[in-house]
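Computed from a predicted model, the values in this text were never measured in an experiment. Every heavy atom of this structure was used, including side-chain atoms; hydrogens, water molecules and symmetry mates were not. In what follows, chains carry the letters A, B, and so on, assigned in the order in which the sequence lines appear, proteins first and then strands, with residues in each chain numbered from 1.
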Amino acid sequence: MAQTSPAVEVSGVSRTFGRRRAVDGVDFSLDAGDCLALFGPNGAGKTTLLRLIAGLLKPTAGAVHVGGRSLRSDATARAQVGLISHQSMLYRALTPRENVEFAARLYGVPDVHGAATRALERMRIADRADAPVRALSRGLQQRVSIARAIVHEPRVVLLDEPYTGLDAAGGAALTDMLHLLRSSGAALVLVTHNVDEGLAVASRAAVMLAGRVVRTDDCATLDARAYQADYRALVLGGSVPADLSVPA
Amino acid sequence: MSERRPPGLFCAAWLVARKDLAIEYRTRTAFFSALVFAVLALTIFYFTWDESVISPNDRAPGVLWVVLTFSALLGLQRSFGLEEYDRGIDALLVSPIGRESIYLGKALGNLLFLCAIQVIAIPALALFYNLPVGRPLLIVTGIVGLAMIGIVAVGTLFSAMAVNTRLAELLLPMLSLPFFVPVLMNAAQAATKIFAGRPVAEVWPWLKVLIAFDIVFVVACTIAFPFTLEE
């Protein structure tokens, strides 16, 4: 059956913590194969927005839908999502294979062992699959974490600073994997500080400041160097230049 | 792509429990802490009471419940602690399994952990206090089982609530112990009678209270658990 709803739809989402408004009326939607790179300085609300999309936080206002369904109330919608964070979400006493197989079982993957092997091979960590996670370096742990998040072949992948701790090989494996996911029809939301890394895989780019999306661009028509300069001015200046599109 | 079917409530709970037990089997930190505590407590209580004043049969139930309660707290403390270290709990929450499954899995893991402690602690108690082995000890083991279900049901919920606080180690006993009182009072009364050679029929009213507590708190805590995870 053809999927008519957007892969991810964020409608007027806000979230407050006490008096502080961490995310303020964010709207966007992504279709299958889209990748939104979300840039912004520390405290801009990027991670909070990602946690809202993942269903880990409840919006104060607005709604998030994945494939037309609410993540918070629909297990089938959650089964379509993979989350990669700068925290590994791994169990250090278990091996990479055990961690990935545990995730596969939670998602009801039929061939657990085969799926775990494929995910570990994709992230070029299969040779360390049976060592305890605690014995692995931070970068290798991040690769295992990514393997854990993609073992069920999610249709929507949420990535929070996924390049943190990765060396050149790990970064390349991640970039390859993100391109592969996009080409297979998965929608990605990539939160990062690094504009180059974000633009390398994204189809759209957005900048968040003080909880609001203050600029959105189509990467196909973007001059990366000019964008870098604009972004730097935006973040360091803390104000929105008049020529940039600001959502109402 | 065909939609996969996530595991059901109990199947997912078993996956979570099995994962927790595998971690404990690898590290054995909480198990050895609780076991050392149990054996040391038995030894200390053995030497601090005068046998000519209080008979071992009268002392044993009290010692048993002190050991059970505090070794349970050691296990419960680690239950959600191991999810917090690298935010493993986020991976569970994003997955398609229900939050009730996470609670039931954690509770089952804690129950099996406590059973493993009691497998050693109860024979050690019988040895130290020269208790009658055989039927009375088996019945007391059953009473311990009923008490542990209630303790684990309440303790697992409070462990989830306390883990994110600055005073988690202090908060868990402070929250849990008042709720353990009804369980411990009834279980201790029943065990004392059994050790004194009284028939099971005589302790049945206390056992009914224990069973009712277990049912009410397992159901109530399973329903309440998802709300403890809201930020």
Side-chain angles (χ1 to χ4, degrees), chain A residues 1 3 15 17 48 50-58 67 71-72 74-95 98-99 101-110 115 132-134 141 144-145 148-149 152-156 158 160 184-186, chain B residues 1-32 78-102 104-106 109 113 160 164 226-231:
Chain A
M1 192 176 76
Q3 190 174 321
R15 172 69 199 211
F17 293 102
T48 304
L50 208 72
R51 290 176 71 81
L52 286 162
I53 299 169
L56 292 170
L57 286 174
K58 193 175 179 177
L71 271 186
R72 290 183 63 83
D74 194 327
T76 325
R78 288 202 299 279
Q80 305 291 323
V81 175
L83 174 66
I84 298 164
S85 164
H86 52 272
Q87 284 171 303
S88 74
M89 296 187 271
L90 299 173
Y91 301 103
R92 294 164 62 84
L94 302 181
T95 65
E98 287 168 333
N99 271 286
E101 287 187 356
F102 173 62
R105 288 192 179 94
L106 292 180
Y107 284 85
V109 174
V133 165
R134 66 168 175 269
Q141 285 184 23
V144 179
S145 176
R148 177 200 53 74
H152 58 292
E153 297 174 12
R155 311 309 296 158
V156 173
L158 309 172
D160 188 3
S184 67
Chain B
M1 192 181 70
S2 65
E3 282 189 354
R4 298 185 178 107
R5 184 169 295 173
L9 180 75
F10 295 109
C11 186
W14 171 240
L15 287 175
V16 173
R18 200 174 68 168
K19 179 264 299 171
D20 279 6
L21 292 171
I23 292 171
E24 185 52 40
Y25 179 75
R26 294 279 163 77
T27 58
R28 296 188 184 97
T29 46
F31 181 75
F32 280 129
R78 121 215 170 285
S79 180
F80 280 91
L82 61 90
E83 298 292 343
E84 283 301 309
Y85 190 80
D86 273 326
R87 293 297 300 170
I89 189 73
D90 285 350
L92 289 178
L93 294 175
V94 171
S95 77
I97 66 167
R99 294 182 176 196
E100 294 82 1
S101 299
I102 300 173
L104 289 173
K106 288 282 173 191
F113 169 85
N164 281 322
F227 300 101
T228 67
L229 299 172
E230 293 294 348
E231 287 181 45

**Residue part contacting chain B, namely of L90(A), when any heavy atom lies under 4.5 Å** = backbone

**Item:** Winner by heavy-atom pair count (cut-off under 4.5 Å) against chain B, out of L71(A), L158(A), L106(A)
**Value:** L106(A)

**Asked** Think R26(B) forms a cation-pi with Y91(A), using NZ or CZ under 6.0 Å from the six-ring centre and within 45 degrees of its axis?
**Response** no

**Prompt:** So which of V109(A), L83(A), V81(A) has the largest heavy-atom pair count under 4.5 angstrom toward chain B?
**Reply:** V109(A)

**Asked** Would R51(A) and D90(B) pass as an ion pair if we require N to O under 4.0 Å?
**Response** yes

**Message:** Shorter than 4.5 Å, heavy atoms on both sides: which option in P6(B), A22(B), C11(B), G98(B) has the most such pairs with chain A?
**Reply:** P6(B)

**Asked** Going from CZ on F17(A) to CG on L57(A), what distance comes out if it is rounded to the nearest 0.5 angstrom?
**Response** 5.0 Å

**Request:** Would you mind checking which part of F102(A) comes under 4.5 Å of any heavy atom in chain B, side chain (CB onward), backbone (N, CA, C, O), both or neither?
**Result:** side chain

**Message:** Which atoms of S95(B) are under 4.5 Å from chain A, going by heavy atoms: the side chain, the backbone, both sets, or neither?
**Reply:** both

**Ring-face cation contact, Y107(A) with R105(A), 6.0 Å cut, 45° max** = no

**Item:** Top contributor to chain B interface from S145(A), A75(A), A103(A) [non-hydrogen pairs under 4.5 Å]
**Value:** A75(A)

**Asked** About how many Å separate CG of L92(B) and CZ of R87(B), when rounded to the nearest 0.5 Å?
**Response** 10.5 Å

**Asked** For the residue pair A93(A) and R134(A), what are the closest heavy atoms and their distance?
**Response** CA-NH1, 3.6 Å

